[in-house]
Amino acid sequence: MEKTRAMYNDLDSILYTRDELAAAVKQLGQQITKDYQGKKPVLICILKGASVFFVDLIREIDLPLEIDFMAVSSYGASTKSSGEVKMVKDLDRSILGRDVIVVEDIVDSGMTLSFLKRTLLGRGASSLRIATLLDKPARRRVELTVDYSCFEIPDAFVVGYGLDYNETYRNLPDIGVLSPRIYANEN
Ligand code: 5GP
């Protein structure tokens, strides 16, 4: 842990270090490589939270692949989901007939991914799987199959490795639990 970074003072604990994250991402990359032999999947990064995970993951996949980016918003500047999902940036290319892997930072209520799954399957993807770094199954509000998940975590608000609070902390190399005093004044 880099104690010199002031952002670490805002964390209650470190959940996963950069080494643990790298090992899990490598293992997931190997699994996807095995599962998609002979195929050329399109990996879709859900901005912005999944960006750090995404760039690490694609380099651990030993297959020809394509990438694309989508942005949705449901949280705003809060630690609680509004339950509404809005598309902010769409894909650049068609996914008709393609094997799609949606790469997400964290599945919480499941609202974001169930919206994305419906939208992308409606565009004629021939297959669609979900790969998430973190999963909070205790918070699920809709039924959703998560195909690949690196870690299941308890119900806590986490930041780092791409995940933010109010756009800060994305550049922390580790993932930690944000101290509730940081968002105590939220209504
Ligand atoms: P869902 O639609 O599954 O409720 O929420 C998914 C989105 O909520 C994630 O992509 C992420 O942006 C945000 N989110 C959910 N839990 C957390 C968390 O613990 N920390 C952060 N930073 N974002 C979260």
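Remember, it's 1-based here, ligands and their atoms both numbered in the order they're listed.
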- Under 3.5 Å, is there a donor-acceptor pair between the side chain of Asp68 and the main chain of Arg93? yes

- Element-labelled atoms of ligand 1 that are located less than 4.0 Å from some non-hydrogen atom of Met111: 2 (O), 3 (O)

- Message: Closer than 4.0 angstrom, basic N to acidic O: yes or no for Lys48 and Glu167?
- Response: yes

- Ionic contact status for Asp108 with Arg139, cut-off 4.0 Å: yes

- Query: Quick check, are the ring centers of Phe69 and Phe54 under 6.0 angstrom apart?
  - Reply: yes

- Note on the structure: Among Ala50, Ala156, Ser109, the residue with a heavy atom nearest to atom 4 (O) of ligand 1 is Ser109

- Note on the structure: For Asp164, the atoms of ligand 1 under 4.0 Å from one of its heavy atoms are 21 (C), 22 (N)

- Query: So between Leu113, Ile106, Leu178, whose heavy atom ends up nearest atom 7 (C) of ligand 1?
  - Reply: Ile106

- Message: Using a 4.0 Å cutoff against the non-hydrogen atoms of Glu104, which atoms of ligand 1 qualify?
- Response: 10 (O)

- Any salt bridge between Asp92 and Lys89, counting N to O under 4.0 Å? yes

- Query: Between Val107 and ligand 1, does any nitrogen or oxygen pair lie at a separation below 3.5 Å?
  - Reply: no

- Item | Nearest neighbour of atom 9 (C) of ligand 1 from the list Val177, Leu47, Ile46, Asp105, on a heavy-atom basis | Asp105

- Part of Lys136 with heavy atoms under 4.0 Å of ligand 1, whether side chain, backbone, both or neither: side chain

- Message: Taking Arg123 first and then Asp90, would you say they form a salt bridge - that is, a charged N and a carboxylate O separated by under 4.0 Å?
- Response: yes

